[in-house]
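Treat the numbers as computed from the prediction; the structure is a model and nothing was measured. All ligand and atom numbering here is 1-based and tracks the order in the structure.
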Amino acid sequence: MATKNTAKPTADPKQPDNAKTKELAPNTEESTAQFLTTNHGVKVNDDQNSLKAGERGATLLEDFILREKITHFDHERIPERIVHARGSAAHGVFKVYKSMSSVTRAGFLQDPSKETPVFVRFSTVAGSRGSSDLARDARGFAVKFYTEEGNFDLVGNNIPVFFIQDAIKFPDLIHAVKPEPDNEMPQAASAHDTFWDFISLMPESAHMVMWVMSDRAIPRSYRMMEGFGVHTFRFLNEKNESTFVKFHWKPLLGVHAVAWDEAQNISGKDPDFHRRDLWDAIASGNFPEWELGVQIIPEADEHKFEFDLLDPTKLVPEELVPVQRIGKLTLNRNPDNFFAETEQVAFHVGHVVPGIDFTNDPLLQGRLFSYTDTQLIRLGGPNFHEIPINRPIAPVHNNQRDGAMRQTINKGKTSYNPNTLGGGCPFQAKAMEGGFTSYTERIDAKKIRERSPSFFDHFSQARLFFNSQSDPEKNHIVDALRFELGKVQAIAVRERMLVVLANIDKGLANEVAYGLGLSVPKKIDGTLNQSIPADANPQTYESVNKESSLLKSDALSMANTIKDSIATRKVAILAADGVNEKSLNVVKQALTKAGAVVDVIAPKLGIVTGEHDAAIPVQQSFLTAASVLYDAVYVPGGTNSVATLAAEANAVHFLNEAFKHCKAIAGDEAARQVLEATYFSKKLPEDNSLETVLREGIVIHDDAAKLGDQFIKAIAQHRFWEREKPRRVPA
Ligand code: HDE
């Protein structure tokens, strides 16, 4: 199977040791203390000069070393993914908490002592490979479990529903959201005419639109996102009894987002923000963790909901079916090589193991075709399963042969079944021997190209989502829609979207309309179908506006997430020469002890000299750092440092921006002069009680230890969105 390498694989003691790392080892290459060679193993004597006819002569075609090097370089690129092109990945492990044998026979969900290796890739959807991490977009959350029974891929998103109900609309959706075809603009953004034109004609997208206009679409970190399998899948137990299952990933650090203005700034200051965050967390041993959640729905309950379980624009509210947390995913190793692993990994929603099966969700059914098809062109042929990152740890034996770049050297004469010449091998496996058997679902139907009427309720869950948001979250949705539709040039598209929004919530539509300088069109208010072109397929655009009997679901609001830790949060300490060492160090130590990552930021790199001559290393200067790259900011005391910072426009801007983005801010009482130079000087708190700190997010104290304590509690709150009131906050 493995290709031969010049260098012997070396076991790295720092790397977790599991079946997949062992399996990858023969394919890893390490050049340390090795000679440079050609691809065919010939040692190279001169890698600086091509072979020429004389010192100033023409280059010779004979130079196989030059030709090989340039040819390989010319072919270094492969097509990027048509969607989810921009991504970052990591290795890890998964462990189930207790046997799930009552519902599934999947081997990796049986034994709490067993660790299953995984490879997880996070991504944005619309942007190209080189686009910014902070685009407003859904995020991919694709997990490859290397189980002993073969690979299981849970290819999900960070949003539990999707824009469309039927796979046949996917190319249209993606063509609409991608940069417009005449001028290839805008990159990695949905804020343009073609996207909203399409969406305004697809009422089934209303629910997902609410999610992508919410803060879920601008996560603080991949490590702070939920994940969802979206479709309803099936679990099958030993008796082949089926239950429906919805998959969830719950991040142990909670679910957090940045502000939209911040996201846009991060895109300039550090377009790799999420990639770097994931890499740094793993490299520093802060392994990201999620719990795997399942909602289990008995077959008998298939029709008991107000929506159809097969409709991927619907979620099953956690109030109706609680999420059971059944295991933990830990990411503990960065890839060795981005291209070989993150780029070449090939996920497929159709990679399932015995005990997991599909439903007839028409979006899922289309995906089952798409993923292998796309790899054939992206990875260049039918042998992409032999690329090391894609290989299962389970043995592979079958009669598939040949094709471009075949690695396996299949022995023997027979490559067909049945055979006698090869002793009948490889054998088919019975179910009891672990052979995959599909659920024997009864189908009794007419062949029909239609949408089920049970899919026609397009607004009730969009409304449920909106109603479940806190006030700041609702404001952010209004702002996002004003932004996105404000970038749309066609007024008719804006108006049609206002009608869609009016079907979700009249107040929402009116607020958005106000920002656009429009009013919700009267003649079509609430009656969406009148805004649809007459030649549209009536089945696709049939909308029923029902009420959900559940008015609110707490699980849908990020305001209700975990807020108990500042682990891995990035905190800036602003300092200049003359800083009070104690004021700086006591707080720094307290933050570090609580798991935060602290940078001292000063007018220049090198060191700052403390009031008592201590040399304090500086991690960033005001030129290299930006407040949007941090979660919180602290200003220590020290007369000269404070005077310098109060007069330093960059320091004041840093604080102003942190305030605008609703972050925790702390200052030594002796640093008040710096805080008074900001535009929020009038909003500095009157007292330093914990209650005030937790309301305002600003701590000013003359006791560094107490300040540190309160600051930690404030940072754990993540953001003080209430600060946005009244909603016009100056920059
Ligand atoms: Fe995908 N999707 N998708 N998708 N998808 C791809 O496969 C497709 C959908 C998702 O990190 C492609 O290897 C169709 C829903 C993720 O490598 C492609 C439809 C969900 C990733 C494809 C959908 C996803 C992809 C492009 C509608 C959430 C990135 C490259 C029927 C549950 C995986 C590739 C990675 C990637 C097709 C809808 C998740 C073209 C046809 C819904 C996370 O095959």
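Listed by number with element, the atoms of ligand 1 under 4.0 angstrom from any heavy atom of A167 are 31 (C). Using a 4.0 Å cut-off to heavy atoms of Q375, the atoms of ligand 1 that qualify are 13 (O), 34 (C). Contact atoms of ligand 1 toward N157: 20 (C), 28 (C), 39 (C), 43 (C) (distance under 4.0 Å to a heavy atom of the residue). The contact set between ligand 1 and R81, taken as ligand atoms under 4.0 Å from a residue heavy atom, comprises 17 (O), 30 (C), 35 (C).
The closest side-chain donor-acceptor pair between N503 and R463, if any, does not fall under 3.5 angstrom. Checked by atom type, the side-chain pair T194/D197 shows no donor-acceptor distance below 3.5 Å. If you check the side chains of T568 and R223, you find a donor sitting under 3.5 Å from an acceptor. Side-chain contact of E386 with T408: a donor-acceptor pair under 3.5 Å is present, judged by distance alone.
Looking only at protein heavy atoms, the nearest one to atom 35 (C) of ligand 1 is R121 NH1, 3.1 Å. Remark: minimum distance from atom 33 (C) of ligand 1 to any protein heavy atom is reached at F347 CD1, 3.9 Å. For atom 32 (C) of ligand 1, the nearest non-hydrogen atom of the protein is R367 NH1, 3.2 Å. Among protein heavy atoms, the minimum distance from atom 41 (C) of ligand 1 is reached at F170 CD2, 3.3 Å. What sits closest to atom 37 (C) of ligand 1 on the protein, heavy atoms only, is S370 OG, 3.3 Å.
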Worked check of side chain to side chain donor-acceptor pair (under 3.5 Å) between E180 and H192 | CA-CA 8 Å; E180 298 189 5; H192 59 112; 2.9 Å; yes
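E306 and K546 are not joined by a salt bridge, as no carboxylate oxygen comes within less than 4.0 angstrom of a charged side-chain nitrogen. Salt bridge R234/E299: present, at least one basic N to carboxylate O contact under 4.0 Å. For the pair D270 and R276, the salt-bridge criterion is met [side-chain N within less than 4.0 Å of a carboxylate O].
When each of E291, R325, Q324 is tested with Y97 by the rule side chain to side chain donor-acceptor pair (under 3.5 Å), just one qualifies, namely E291.
Residue-level proximity to ligand 1 for T374 is carried by the side chain, the only part with a heavy atom below 4.0 angstrom. In Y371, the parts holding a heavy atom less than 4.0 Å from any atom of ligand 1 are both the side chain and the backbone. Here H348 has no heavy atoms under 4.0 Å from ligand 1, in either its backbone or its side chain. The backbone and the side chain of L363 each have at least one atom closer than 4.0 Å to an atom of ligand 1 (non-hydrogen atoms only).
One option in R86, E343, H84 has a heavy atom closer to atom 16 (C) of ligand 1 than any other, and that option is H84.
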